[in-house]
Amino acid sequence: MCGVVGIVGRSPVNQPIYDALLVLQHRGQDAAGIVTCDDDGRLHLRKDNGLVRDVFNNHHMQTLTGNMGIGHVRYPTAGSSSSAEAQPFYVNSPFGITLGHNGNLTNAGELKHELFATDRRHINTDSDSEILLNVFAQELLRFIDNGLTPDSVFDAVERVHQRARGAYGVVAMIAGRGMLAFRDPQGIRPLVYGSREAEDGQGLEWMAASESAALESLGFELERDLAPGEALFITPDGEVYTRECAENTRLTPCIFEHVYFARPDSVIDNVFVHRARMRMGTALGEKIRREWPDHDIDVIVPIPDTGRTVALEMAHELDIKYREGFIKNRYIGRTFIMPGQTKRQKSVRQKLNAISLEFRGKNVMLVDDSIVRGTTSREIVLMAREAGARKVYFASAAPPVRYPNVYGIDMPAAHELIAHGRDEDEVCEAIAADRLIYQDLDDLKAAVWRGNRSIDEFDCSVFTGEYVTELPDGYLDQLAAARADGVKNTPVAGEVLDLANKK
């Protein structure tokens with residue numbers, strides 16, 4: 001999962017893009033990048049491995065001049081974690097284009113071959129984002145005989161939708177010409193935009209981002225989500241154009257955004273994430289009352305942070321005490337997106353510390369957003385036992401995760417998922433819990449659907465194995481090999497570049 005942002009302003013955008021990336025940091029901790037465009041059409045790029053605060057210093061910020069720019073935070077879904085794959089990416093023809101991408105192309109291999117064999121374009125990394133950039137650049141060349149116009153940009157995006165398969169929320173910038181944002185025809189990955197009054201009072205500034213929380217934090221008013229297949233183009237003067245660039249679109253967003261990835265203060269496809277998670281907790285409470293009416297739960301304890309909202313509503317529904325039983329070390333990253341199983345296991349106990357007073361002699365229900373590999377869940381159950389819990393139960397706000405994700409979430413090969421090939425009793429035993437409660441899929445979908453009935457369906461492929469786009473033959477096997485723990489390369493040094501505009 002990655003985070004993207006683009007801003008067209010009336011004053012320097014380096015600081016607001018940096019601030020927006022801090023808000024989106026939860027979507028990726030592997031690498032960060034910003035590219036800006038100055039009045040002369042020159043592009044300025046800084047990207048490297050690491051957190052936003054570590055990638056950019058005062059010198060870097062001073063070089064990122066211009067009133068238009070895009071930014072990206074990344075975590076690796078497959079292959080290398082080298083900073084060579086940090087985004088945004090750049091190509092010099094036509095005009096000079098940079099692009100940042102959240103998602104995953106399922107036909108990247110086919111597109112890479114086409115780009116080389118037919119278009120004579122060289123792809124220098126293993127990133128599908130570089131492939132997507134080159135596809136767009138090549139298609140744009142077809143429509144600029146009479147110069148670059150919003151229609152020519154939208155025509156190129158239409159061709160991208162025809163060629164690319166998978167999920168993508170994209171921000172791009174054409175040097176000196178404008179900022180572009182577009183969303184895949186299934187609306188799998190989120191993308192929103194909005195505006196604010198410029199400080200000089202001389203017009204509006206515009207922003208697109210993966211989540212509305214990034215807009216709100218900078219004082220931008222949310223306009224709306226981009227529709228599936230829709231593209232947004234904003235000129236340096238602030239002229240705004242939109243067009244739906246795909247046929248037969250359907251809104252099938254990834255439901256895991258609401259379970260785990262998105263910030264609770266974000267609104268995605270007109271659904272308040274916080275309220276959706278509240279409804280998940282209510283549904284879990286109702287399930288326990290229905291299936292386990294004689295439970296002996298003494299206290300409900302969330303696994304911070306995403307389990308908190310669910311646990312609160314679950315405790316309210318069951319009229320059981322809610323207690324904060326774990327203290328979180330804020331300086332340890334999210335274990336889910338740390339590469340390597342050894343690092344994940346070690347970081348759990350660095351990340352959380354149990355308050356023994358809340359566990360000693362009690363039957364404790366732990367609540368988390370999901371169970372993926374099961375490594376973290378087992379370690380936390382054992383921590384609760386060591387803190388003195390008499391019994392440890394576990395509730396998941398999501399159904400069993402049994403299949404890999406192909407749309408940009410680093411969920412591993414099926415055999416690495418603890419629920420794959422196991423029933424609920426076997427998963428319960430594997431994580432050392434006394435009882436395990438999973439959310440029902442229908443209840444999960446209802447929790448999100450209630451916020452927006454116009455959503456056609458959800459991508460629930462990690463639970464069902466049913467993917468909303470067609471997958472190439474053998475794709476899941478190839479993906480499993482690419483995502484295996486230990487395959488990622490050693491990071492290399494970052495880069496600071498001035499990219500001259502080639503007009």
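Sequence positions, counted from 1, serve as the residue numbers for this chain.
The salt bridge (charged side-chain N to carboxylate O under 4.0 Å, His left out) pairs that include a residue from residues 452-471 are Lys445-Glu457, where partners are two or more places apart or lie in different chains. Pairs of residues two or more places apart, or lying in two chains, that qualify as side-chain hydrogen bond (donor to acceptor under 3.5 Å, both in side chains) and include a residue from residues 356-365 are Asp296-Asn363, Ser356-Arg360, Asn363-Arg390. Legend: salt bridge (charged side-chain N to carboxylate O under 4.0 Å, His left out) pairs involving residues 299-315, not counting sequence neighbours, sorted by first then second residue: Asp305-Arg308, Asp305-Lys328, Asp305-Arg330, Arg308-Glu324. Sorted by first and then second residue, the ring pair (Phe, Tyr, Trp, His ring centres under 6.0 Å) pairs with a member in residues 348-378 read Phe326-Phe359; sequence neighbours excluded. Legend: side-chain hydrogen bond (donor to acceptor under 3.5 Å, both in side chains) pairs involving residues 428-437, not counting sequence neighbours, sorted by first then second residue: Arg385-Asp434. Pairs of residues two or more places apart, or lying in two chains, that qualify as salt bridge (charged side-chain N to carboxylate O under 4.0 Å, His left out) and include a residue from residues 213-228 are Arg224-Glu230. Residue pairs meeting the side-chain hydrogen bond (donor to acceptor under 3.5 Å, both in side chains) criterion with at least one member in residues 280-294, sequence neighbours excluded: Lys287-Asp440, Arg289-Glu317.
When all heavy atoms of Gly33 and Leu21 are compared, the pair lying nearest together is O-CD1, 3.7 Å.
For the side-chain contact (heavy atoms from CB on, under 4.5 Å) test with Met314, the passing option among Ile300, Ile437, Thr309, Ile297 is Ile300; the others fail.
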- Given Tyr322 and Val367, is the side chain to side chain contact (heavy atoms under 4.5 Å, CB included) satisfied, shown in steps? CA-CA 11 Å; Tyr322 168 94; Val367 182; over 6 Å; no
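At distances below 3.5 Å, at least one donor-acceptor pair connects side-chain atoms of Arg183 with backbone N or O atoms of Leu226. In this structure, Arg378 contributes its side chain and Ala430 its backbone to a donor-acceptor pair below 3.5 Å. When atom types are taken as modelled, the side chain of Arg46 and the backbone of Val55 share a donor-acceptor pair closer than 3.5 angstrom. The backbone N or O of Val271 sits nowhere less than 3.5 Å from a side-chain atom of Arg275 that would complete a donor-acceptor pair. When atom types are taken as modelled, the side chain of Ser212 and the backbone of Val267 share a donor-acceptor pair closer than 3.5 angstrom.
Within 6.0 Å of the NE2 atom in His316, the count of heavy atoms belonging to other residues, nucleotides or ligands does not exceed 12. Around the CG atom of Asp319, the shell of radius 6.0 Å holds no more than 12 heavy atoms that belong to other residues, nucleotides or ligands.
To the nearest 0.5 Å, the span separating CG on Asp473 from CG on Leu476 amounts to 10.5 Å. Here the CZ-CG distance, from Phe89 to Leu99, works out to 9.5 Å after rounding to the nearest 0.5 Å. Rounding to the nearest 0.5 Å places CG of Asp269 at 8.5 Å from CZ of Phe458.
Scored by the side-chain hydrogen bond (donor to acceptor under 3.5 Å, both in side chains) test, His72 finds Gln87 as partners (sequence neighbours excluded). Arg402 pairs by the side-chain hydrogen bond (donor to acceptor under 3.5 Å, both in side chains) definition with nothing, not counting sequence neighbours. With sequence neighbours excluded, the residues forming a side-chain hydrogen bond (donor to acceptor under 3.5 Å, both in side chains) with Ser266 are Glu211, listed by chain and number. For His161, the side-chain hydrogen bond (donor to acceptor under 3.5 Å, both in side chains) partners at least two apart in sequence or on another chain are Tyr168. Annotation: side chain to side chain contact (heavy atoms under 4.5 Å, CB included) contacts of Thr36 (sequence neighbours excluded): Val13, Ile34, His44, Leu64.
In this structure, the side chains of His258 and Met280 come closer than 4.5 Å at one or more pairs of heavy atoms. Considering only heavy atoms from C-beta on, Cys428 stays 4.5 Å or farther from Tyr438 through its side chain. Counting heavy atoms from C-beta on, the side chains of Cys2 and Arg74 come closer than 4.5 Å.
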